[in-house]
2 protein chains.
Amino acid sequence: MSLSSQYNVITSPLGDGLHKDGKRLTPQRLKVLNLFENIGYGKHLSAEEVHEKLVKSSSKVSLATIYRTLRLLVQMGLLHELELSEGGHRYELLSNDTPDHHHLICIRCGRTEEFENEEVLEAGKVAAKINGFKLIESSLNVRAICPNCI
Amino acid sequence: MSLSSQYNVITSPLGDGLHKDGKRLTPQRLKVLNLFENIGYGKHLSAEEVHEKLVKSSSKVSLATIYRTLRLLVQMGLLHELELSEGGHRYELLSNDTPDHHHLICIRCGRTEEFENEEVLEAGKVAAKINGFKLIESSLNVRAICPNCI
DNA sequence: TATTCTCAATAATAACTCTAGATGAGAGTA
DNA sequence: TACTCTCATCTAGAGTTATTATTGAGAATA
């Protein structure tokens, strides 16, 4: 039996999106997406810049793969493509759902509800600042039992 | 190649604890632990009570397995054993770290810092109430980059 | 009564195999 | 310059097998 039938294995949005399509989660794809997550929202890079940055961080990924991966991540809705008037394209991280999204998860049936909360976002910011971290995103997971399962 | 070598598969504390010891994550073990999580902290049950409750919820687990599992969960530090003067033992969920614990996680090196925050706990409570869920616990995960990795 | 032991049957999961999807290097295209 | 294509090589992950931990039922123990 493969692990995918386990009760409690949680996978990434990238992995999930790829797998349900017969596609594969590769180190290269992860590196490209991580790069965008690291630089944060609102910043855009060209394919060449992505390539340079990965090479500098001793993560060699070929330019052809960069192009293929950028196209894929745009198709998956994880990146946004900007067309420049000077020619060429740039890519930026697309927040895939409500910013500052939190989840209420039923531990019995897995039902999930999203909600927003400003104080939670603020708490994340403060914690990051105190510890000298650069914030990327925060998500509150509330483990609970839904009405149907009580 | 087995999934365990993947980059981004997150497993449960129970699964992790068992696997690193060559032990297995079984439905029975999960059911027993879930039962304690569902009734919440501070409440204790005897082996017989655990058995009854599981049988009632149409989750048949043999009494022998209940005893074996309770001993295991105590060894793993997930449950606490109380010795009663009238004879027999009772078990209760052990909060394995700071209650209302939140995590600041470096997405590059994996370094993790814990912190507490009252507003976050409150936000979880409110969200659970609005949606009719019974709260179990909430944890805020802040994805960020630590000083060493910036 | 509360708990443990025995042992045949069951099943979690590590290990291995295999195949199609993905990559790298470099040539091709516009 | 900006990107795509080709193709040999590589590898992610599905599928399968095999091993051995775990379970259930009931007897045994204290």
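Computed from a predicted model, the values in this text were never measured in an experiment. Naming convention: chains lettered A, B, ... in sequence-line order (proteins, then strands); numbering from 1 in each chain.
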Taken to the nearest whole Å, CD/A:E49 to C1'/D:dA2 is 13 Å
Q.
Taking 4.0 Å as the cut-off, does a side-chain nitrogen or oxygen of B:Y67 come that near to OP1 or OP2 on C:dT3?
A. yes
Atom NZ of A:K31 and atom C1' of C:dA22 are separated, to the nearest Å, by 14 Å
Closest to the 5' end of DNA chain D, once A:R24 and A:L63 are matched to their nearest nucleotides, is A:L63
In whole angstroms, the gap separating C1' of D:dT22 from CG of B:L73 amounts to 14 Å
>> Regarding B:G22, tell me which of base, sugar-phosphate or nothing describes its non-hydrogen contacts under 4.0 Å with the strands shown.
In response: sugar-phosphate
Q. Can you tell me if the side-chain N/O atoms of A:Q28 get under 4.0 Å from OP1 or OP2 in D:dA12?
A. no
Looking only at C:dG26, C:dT3, D:dA25, the nucleotide nearest the B:A47 side chain is C:dT3
**Asked** B:S62 side chain N/O closer than 4.0 Å to the phosphate oxygens (OP1, OP2) of D:dA25?
**Response** no
Inset, instruction - Test side chain to side chain contact (heavy atoms under 4.5 Å, CB included) on A:Q28 and A:L54 and set out the steps. - result: CA-CA 10 Å; A:Q28 291 87 346; A:L54 288 181; over 6 Å; no
To the nearest angstrom, the CE-P distance between A:M76 and C:dA22 comes to 11 Å
Could you check whether any side-chain N or O of A:H51 sits under 3.5 Å from a backbone N or O of A:S62, counting only pairs where one atom can act as donor and the other as acceptor? no
Q) Would you say A:N131's side chain and A:F133's backbone share a donor-acceptor pair under 3.5 angstrom? A) no
Report yes if a donor N or O on one partner sits less than 3.5 Å from an acceptor N or O on the other, where the partners are the side chain of A:R68 and the base of C:dG24; otherwise report no.
yes
Check your understanding: Should A:M76 and A:D21 count as side-chain neighbours, where that means a heavy-atom distance under 4.5 Å?
Key -> no
Checklist entry - Touch check for B:G88, heavy atoms < 4.0 angstrom, all strands: base, sugar-phosphate only, or nothing? => result sugar-phosphate
I want to check one thing: is the phosphate of D:dC3, taken as OP1 and OP2, less than 4.0 Å away from some side-chain N or O of A:H89?
yes
Separation of D:dG13 atom C1' from A:K20 atom NZ, nearest Å, is 17 Å
Against the side chain of B:V61, the closest entry in D:dA21, D:dG24, C:dT19 is D:dG24
d(A:E92 CD, A:L82 CG) to nearest 0.5 Å is 5.0 Å
Taken to the nearest whole Å, CG/A:L18 to P/D:dG13 is 8 Å
Rounded to whole Å, CG of A:D21 lies from C1' of D:dA14 at a distance of 16 Å
Exercise for review: Give a yes/no answer on whether the side chain of B:R71 brings an N or O atom under 4.0 Å of OP1 or OP2 in C:dT3.
Suggested key: no
Exercise for review: Return no unless some side-chain N or O of A:T26 is found under 4.0 Å from OP1 or OP2 of C:dT23.
Suggested key: yes
Original post:
Should B:R29 be listed as having a side-chain N or O under 4.0 Å from OP1 or OP2 of C:dA12?
Top reply: no
Taken to the nearest whole Å, NZ/A:K23 to P/D:dA12 is 17 Å
(message) Is there a side chain to side chain contact (heavy atoms under 4.5 Å, CB included) between A:L93 and A:L79? Walk through the geometry before answering.
(response) CA-CA 5 Å; A:L93 195 57; A:L79 292 184; 4.0 Å; yes
